[in-house]
Amino acid sequence: MLLEEVPALLTAARFADDRAAHVACASLAAWLAAVDGDPVGAQALAVESAAAWPAADPRAFHMQHLQILGAEAHALLAAGDPAGAWAQVEAAGPALARSGLAHLLPLRVQATELTGRVALAALAAGPASSVREALRRAVERAADSLQRDGASGHAALLRAGLRHLAGDSGGAQTLLHTAADAFAAAGMAAHQAAAELRLARLAGRSGEVPRGALRALGVEHPDCFAALLAPALPA
């Protein structure tokens, strides 16, 4: 279980002064704190992650900076500040584009999914009309890119959020079915259960079956996990 393994790995990275491992483990621990409903812990771990990888060149953007960005964004989302999370992600966009990391498929998917999900969370928070359309386009671009790259489950989750915000409950439910099926085919059981939980709540059901599936996978707060993974949908 990640909840059991990550703290020990983080301690080992600190002791060994392995900065790459330190960033990876601290950023993952920040994600775990966020899905555990602990924004204060997530923020502390995001700060630790950033401190472990100081950039000699402020224009540089390494894989570790992407991990740090994810930690910072998840901490802000957990704290109920999607606008702040989007400001962080948007500000990092030019450096990320210059870095060339997007030429590597796994990193491109990671960055695109984070961008789309944070933009969707910011859009669901009811931003000013002057930024609403830009956020919607950012989510659509991310969904299209994820679909092209074979991350169809993530693409469907983003599109489901957009359909729900547009008042199309039926379309959102269809897309959540698509997301759950795609995650099941990819062996991503926690993501599948999160999509099924969002689907159950959208359809007016309790969602106890997918909640139980998430708890069986070690997710202590299933609703926090689903909210972070699939924003803009009923809790």
Side-chain angles (χ1 to χ4, degrees), residues 1-7 28-42 45 70-71 73-82 85 109 113-114 116-126 139 142-143 146-147 151-235:
M1 292 290 185
L2 283 175
L3 285 172
E4 298 170 355
E5 295 174 0
V6 170
L28 181 53
W31 157 261
L32 292 172
V35 300
D36 198 38
D38 179 12
V40 175
L45 287 158
H74 291 137
L76 288 165
L77 290 175
D81 185 9
V109 168
E113 190 276 335
L114 177 67
R117 181 160 48 84
V118 173
L120 181 58
L123 181 61
V139 179
L146 289 166
Q147 190 72 44
S152 57
H154 290 302
L157 273 188
L158 293 179
R159 289 171 175 151
L162 286 177
R163 293 320 307 154
H164 177 64
L165 291 177
D168 181 5
S169 177
Q173 290 184 51
T174 297
L175 285 160
L176 285 169
H177 274 295
T178 299
D181 289 346
F183 288 135
M188 301 170 69
H191 288 67
Q192 176 191 353
E196 290 172 347
L197 177 53
R198 288 311 222 190
L199 175 60
R201 299 303 297 137
L202 188 57
R205 302 192 301 272
S206 69
E208 282 309 306
V209 171
R211 277 196 193 90
L214 283 167
R215 290 191 183 101
L217 291 166
V219 179
E220 295 182 4
H221 296 86
D223 291 284
C224 288
F225 180 82
L228 205 60
L229 190 69
L233 291 159

(request) Enter the distance from H154:NE2 to M188:CE here, rounded to the nearest 0.5 Å. (result) 4.0 Å
(request) Kindly compute the distance separating CZ (R201) from CG (L233), expressed to the nearest 0.5 Å. (result) 12.0 Å
Where [X] and [Y] come nearest, the two heavy atoms and their spacing:
{"X": "V6", "Y": "A29", "result": "CG1-CB, 3.9 Å"}
{"X": "A85", "Y": "A73", "result": "CB-O, 3.7 Å"}
{"X": "A155", "Y": "A143", "result": "CB-O, 3.4 Å"}
{"X": "V109", "Y": "A151", "result": "CG1-CB, 4.1 Å"}
{"X": "P234", "Y": "L202", "result": "CG-CD1, 3.5 Å"}
{"X": "A227", "Y": "R198", "result": "CA-NH2, 3.1 Å"}

Under 3.5 Å, which donor-acceptor pairs do the side chains of residues 170-182 form with other protein atoms, sequence neighbours left out?
| residue | atom | partner | partner atom | Å |
| --- | --- | --- | --- | --- |
| Q173 | NE2 | S169 | OG | 3.2 |
| T174 | OG1 | G170 | O | 3.1 |
| T178 | OG1 | T174 | O | 3.1 |

(message) For A33, give me all partners under side-chain contact (heavy atoms from CB on, under 4.5 Å), at least two apart in sequence or on another chain.
(response) D38, A42, L45
(message) Checking V35 now: which residues fulfil side-chain contact (heavy atoms from CB on, under 4.5 Å) with it, not counting sequence neighbours?
(response) W31, F225, L228
Test salt bridge (charged side-chain N to carboxylate O under 4.0 Å, His left out) applied to [X] - qualifying residues, sequence neighbours left out:
{"X": "D223", "answer": "R211"}
{"X": "E196", "answer": "none"}
{"X": "D168", "answer": "R163"}

(request) Could you check if a side-chain atom of L157 sits within less than 4.5 angstrom of a side-chain atom of L120, using non-hydrogen atoms only? (result) no
(request) Check whether any side-chain heavy atom of L114 lies under 4.5 Å from a side-chain heavy atom of H74, and answer yes or no. (result) yes
(message) Has R117 got a side-chain atom pairing as donor or acceptor with A230's backbone, closer than 3.5 angstrom?
(response) no
